[in-house]
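Just so it is clear, the values below take in all heavy atoms, side chains as well, and ignore hydrogens, waters and symmetry mates. Note that the numbering runs from 1 along the sequence shown for the chain.
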Amino acid sequence: MTRHARNCTAGAVYTYHEKKKDAAASGYGTNSRRIGKDSIKDFDCCSLTLQPCRNPVVTKDGYLFDKEAILQYILTKKNEYNRKLKEYEKLRKVEEEEEAKESAFEEQKRLEKFINTEKNIATKRSIEIGAKIKRKDEEESGPSSISNMSNGRDKILPSFWVPSQAPAAKALKAEKPDPTIYCPVSQKPLKLKDLIDVKFTPVNDKYDKKSLILKENRYMCAVTHDILSNSVPCAVIRTTGDVVTMECVEKIIKKDWVHPLTSEKLREKDIIPLQRGGTGYAITNTNLEGKESRPALQA
């Protein structure tokens with residue numbers, strides 16, 4: 001085979017192209033695939049149930065939830081906090097009892113040490129005599145043993161097979177649970193009073209007899225009547241809950257900061273951009289490629 005052939009294998013260097021081709025054929029390396037439409041959550045679906053919202057509410061960060069689902073989530077988190085708080089109080093009570101016992105034990109130990117010291121007062125002469133006798137015994141018996149079980153240390157060291165002498169593991173310190181409820185998507189503090197009711201404007205098509213869920217184009221902008229979809233950036237007006245396109249916000253609302261439907265004054269914080277996030281697997285219009293890591297092919 002010539003050197004410049006398409007599938008040349010006579011080269012002395014294992015090129016990047018050949019390595020990539022062999023990795024794809026053998027099942028090694030990173031497998032990339034573009035996410036299809038079925039893997040992406042629709043803009044009007046709940047971020048928890050991933051189903052079209054019946055009573056939509058939005059957080060101040062722009063994440064859409066079904067009212068029933070988010071209320072159930074908040075209630076579950078509150079019950080979980082109450083359960084953890086009871087466990088914390090129970091563990092704290094046990095810790096206080098153990099601390100009191102340990103303090104009493106230390107006090108008793110100090111008292112016994114003081115009594116033994118008073119009883120065993122020895123003169124300097126007796127200490128010297130004892131040291132001489134000990135040195136003489138060591139010289140006669142030879143070098144001392146290096147075993148960790150000699151000289152009575154077998155009675156002091158903990159034993160693995162005797163439960164009373166085995167070292168005991170201390171229980172973990174009790175930590176007070178956090179009462180704050182966090183948003184399941186943004187992980188920011190979530191309060192019930194911060195939820196804003198959303199009012200979608202359905203598309204009026206008298207010739208379309210399908211139900212609202214089965215329609216491909218379900219909602220439209222409350223001002224411009226543009227069809228809303230995943231590819232159209234939307235925003236929620238805080239004061240009324242109407243959903244409008246970001247184009248309407250930029251070209252109409254921001255000119256004089258007046259609500260086009262109610263003529264009331266608006267502020268910048270009254271415009272909440274609606275997050276078009278995907279499921280836990282994809283992010284809509286941001287990252288539509290999924291990657292699966294596999295064993296790498298070594299050259």
Problem set entry | Side-chain heavy atoms of T59 within contact of L190, under 4.5 Å | yes

Problem set entry | Test item: I70 and L192 side chains (from C-beta on) under 4.5 Å apart, heavy atoms | no

For this session: May I ask you to say whether K90 pairs ionically with E87, meaning some side-chain N is under 4.0 Å from a carboxylate O?
Result: no

Problem set entry | Interatomic distance, H225 atom NE2 to N204 atom CG [nearest 0.5 angstrom] | 8.0 Å

Exercise. Considering only heavy atoms from C-beta outward, does the side chain of K254 approach that of V249 to under 4.5 Å?
Worked result: yes

Report, one line per pair, each donor and acceptor closer than 3.5 Å where one atom sits in a side chain of residues 255-265; sequence neighbours left out.
{"from": "H259", "atom 1": "ND1", "to": "L261", "atom 2": "N", "distance (Å)": "3.0"}
{"from": "H259", "atom 1": "ND1", "to": "T262", "atom 2": "N", "distance (Å)": "3.4"}
{"from": "H259", "atom 1": "NE2", "to": "T240", "atom 2": "OG1", "distance (Å)": "2.9"}
{"from": "T262", "atom 1": "OG1", "to": "E264", "atom 2": "OE2", "distance (Å)": "3.3"}
{"from": "E264", "atom 1": "OE2", "to": "T239", "atom 2": "OG1", "distance (Å)": "3.1"}

Exercise. CG of D42 to CG of L228: how many Å apart, nearest 0.5 Å?
Worked result: 12.0 Å

Exercise. Any side-chain heavy atom of I115 within less than 4.5 Å of one from E112?
Worked result: no

Exercise. If you count the non-hydrogen atoms of other residues, nucleotides and ligands that lie under 6.0 Å from CZ in R83, is the total more than 12?
Worked result: yes

Exercise. D66 side chain to C53 main-chain N or O, any donor-acceptor pair under 3.5 Å?
Worked result: no

Problem set entry | Closest non-hydrogen atom pair, C45 against P52 | SG-N, 3.7 Å

For this session: Output the distance between atom CZ (R218) and atom OG (S229), rounded to the nearest 0.5 Å.
Result: 11.0 Å

Problem set entry | Any K113 side-chain heavy atom under 4.5 Å of K109 side chain | no

Exercise. Looking at Y63 and V185, what are the two nearest heavy atoms and their distance?
Worked result: CE2-CG1, 3.3 Å

Problem set entry | Side chains of V58 and Q275 in contact at under 4.5 Å (non-hydrogen atoms) | no

Exercise. With the 4.5 Å side-chain cut-off for hydrophobic clustering, are F65 and I181 part of the same group?
Worked result: yes

Exercise. Where is the tightest heavy-atom contact between L48 and P184, given as atom of each residue plus distance?
Worked result: CD2-CG, 3.8 Å

Exercise. Do you reckon V243 sits in the same ILVMFWY cluster as I253, going by side-chain contacts under 4.5 Å, direct or chained?
Worked result: no

Seminar exercise, completed: Smallest heavy-atom separation, I227 atom then V232 atom, equals O-CG2, 3.8 Å

For this session: Indicate the atoms forming the closest heavy-atom contact of A235 with M246, along with that distance.
Result: CB-SD, 3.5 Å

For this session: Decide salt bridge (Lys or Arg N to Asp or Glu O under 4.0 Å) for R92 and E95; before the verdict, give the C-alpha distance in whole Å, the side-chain angles of both, and the deciding distance to 0.1 Å.
Result: CA-CA 5 Å; R92 187 59 190 161; E95 286 182 358; 3.0 Å; yes

Exercise. Between the main-chain N or O of T180 and the side-chain N or O of D178, is there a donor-acceptor pair closer than 3.5 Å?
Worked result: yes

Exercise. Going only through I, L, V, M, F, W and Y residues with side-chain contacts under 4.5 Å, is there a path from L64 to Y219?
Worked result: yes

Problem set entry | Given D242, I237, V244, T245, the one that forms side-chain contact (heavy atoms from CB on, under 4.5 Å) with V223 | V244

Exercise. Quick check: are there more than 12 heavy atoms from other residues, nucleotides or ligands sitting under 6.0 Å from CD of E99?
Worked result: yes

Exercise. Would you call R110 and E107 a salt bridge, using N to O less than 4.0 angstrom?
Worked result: yes

Exercise. When clusters are formed by joining ILVMFWY residues with side-chain heavy atoms under 4.5 Å apart, either directly or through shared neighbours, do I271 and F200 land in the same one?
Worked result: no

Exercise. For K269, does its backbone N or O pair with a side-chain atom of R238 as donor and acceptor, under 3.5 Å?
Worked result: yes

Problem set entry | Qualifying side-chain hydrogen bond (donor to acceptor under 3.5 Å, both in side chains) pairs with a residue from residues 184-197, counting only residues at least two apart or across chains | none

For residues 71-82, which side-chain N or O atoms pair as donor and acceptor with protein atoms under 3.5 Å away, sequence neighbours left out?
{"from": "Y73", "atom 1": "OH", "to": "Y182", "atom 2": "O", "distance (Å)": "2.8"}
{"from": "T76", "atom 1": "OG1", "to": "Q72", "atom 2": "O", "distance (Å)": "2.8"}
{"from": "N79", "atom 1": "ND2", "to": "L75", "atom 2": "O", "distance (Å)": "3.3"}
{"from": "E80", "atom 1": "OE2", "to": "K84", "atom 2": "NZ", "distance (Å)": "3.3"}
{"from": "N82", "atom 1": "ND2", "to": "K78", "atom 2": "O", "distance (Å)": "3.2"}

